There are 2 protein chains.
Amino acid sequence: MNVVFDALSHPIRREVLELLKRGGMTAGELADHFPVSKPTMSGHFAKLKSAGLILGENRGGTILYTLNLSVLEEAVMGFMNRVRTGQSTSAQSASAKTCPPKGETA
Amino acid sequence: MNVVFDALSHPIRREVLELLKRGGMTAGELADHFPVSKPTMSGHFAKLKSAGLILGENRGGTILYTLNLSVLEEAVMGFMNRVRTGQSTSAQSASAKTCPPKGETA
DNA sequence: TAGCTATTTAGCTAATACGCTAAACAACAA
DNA sequence: TTGTTGTTTAGCGTATTAGCTAAATAGCTA
């Protein structure tokens, strides 16, 4: 929880997560989207990774980062549920099906 | 957005929001829940207030803080929607009815 | 007025975070 | 081997944050 919200506190890191919603991207591709140096971006990736928000798959020479949405859902939705209704502190129900996500499936 | 996620990055501030879900509390009552000094808590309140997450009503001598849930909803759910589907950046639909809230209460 | 309670402001220290450049490491190509 | 590309690590400077104590401010009561 703590580490997730910490990771979310920086706008670049939040934007990285948004970029990754479309699918995997390499560290270099991601870095090209931001006006900071690659070492700085590497630090952001490390923070996101250690929070469990992204996964890094080493593909010989390049690293493919992908979004780990379930960790984000569990932490954020768990907190929101707690603030809204004060129920469980464990957020167990929030991970997979936060809510029927639109007109989705139902 | 930025300022909201910044405010959410500290565990004490998140817990303050949770405490306030039941209704208003004075600065002193809130401070009594945490093992830090009152001036330190005052700083946390200031940050939450400037993010719009809480409102402070001055009641002669004491200050009643209340949760401003809609700001929290808009920022957090807006971000979640953006990460999930990449749609609007304004989160208009997220503020009021996030989802049918469990089997809770009922 | 003085005195009491509640809360914030001022001023400080220590820790953390963010950014940079330079260097190192890893994998591949020639 | 050397070179090239992609990425991270090391080291540093500065800004921000979190905590503290002490003092100031605001409102009440006597």
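To find a chain, count down the sequence lines: A is the first, B the second, and so on, and within it residues start at 1. Values below: every heavy atom of this structure, side chains too, minus hydrogens, waters and symmetry copies. Not measured: the values here are computed from a predicted model.
Taking atom CZ of A:F34 as the reference point, atom P of D:dT7 lies 15 Å away to the nearest angstrom. Taking atom CD on A:E57 and atom P on C:dA27, their separation rounds to 14 Å, with Å as the unit. Look at CE on A:M41: it is 17 Å from P on C:dA17, rounded to the nearest Å. Rounded to whole Å, atom P of C:dT7 lies 12 Å from atom CD1 of B:I54. Nucleotide C:dT7 holds its P atom 16 Å from the CG atom of B:L48, rounded to whole Å. The CD1 atom of B:I63 sits 6 Å away from the C1' atom of C:dT7 (whole-angstrom rounding). The CE atom of B:M25 sits 15 Å away from the C1' atom of C:dT7 (whole-angstrom rounding). Note: CG (B:D32) to P (C:dA6) measures 9 Å, nearest angstrom.
With contacts defined as side-chain heavy-atom distances shorter than 4.5 Å, the pair A:L17/A:L8 qualifies. At a threshold of 4.5 Å between non-hydrogen side-chain atoms, the residues A:L19 and A:E29 do not count as touching. Proximity of B:H33 to B:E15: side-chain heavy atoms (C-beta onward) are nowhere separated by under 4.5 Å. Counting heavy atoms from C-beta outward, A:R82 and B:R14 have side chains that stay 4.5 Å or more apart.
Residue contacts for B:Y65: at a heavy-atom cut-off of 4.0 Å it reaches the sugar-phosphate backbone alone, with no base atom in range.
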Practice prompt. Would you give a per-nucleotide map of nucleotides 15-30 of chain D, 5' to 3', where B means the base has a protein non-hydrogen atom under 4.0 Å away, S means only the sugar-phosphate does, and - means neither?
Written response: --SSBBBB----SS--
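Using cut-offs of 30° and 60° for the angle between ring planes, the A:F45 and A:Y65 rings count as tilted.
Heavy atoms only, all atoms of each residue included: B:V83 and A:E18 are closest at CG2-CG, 3.9 Å.
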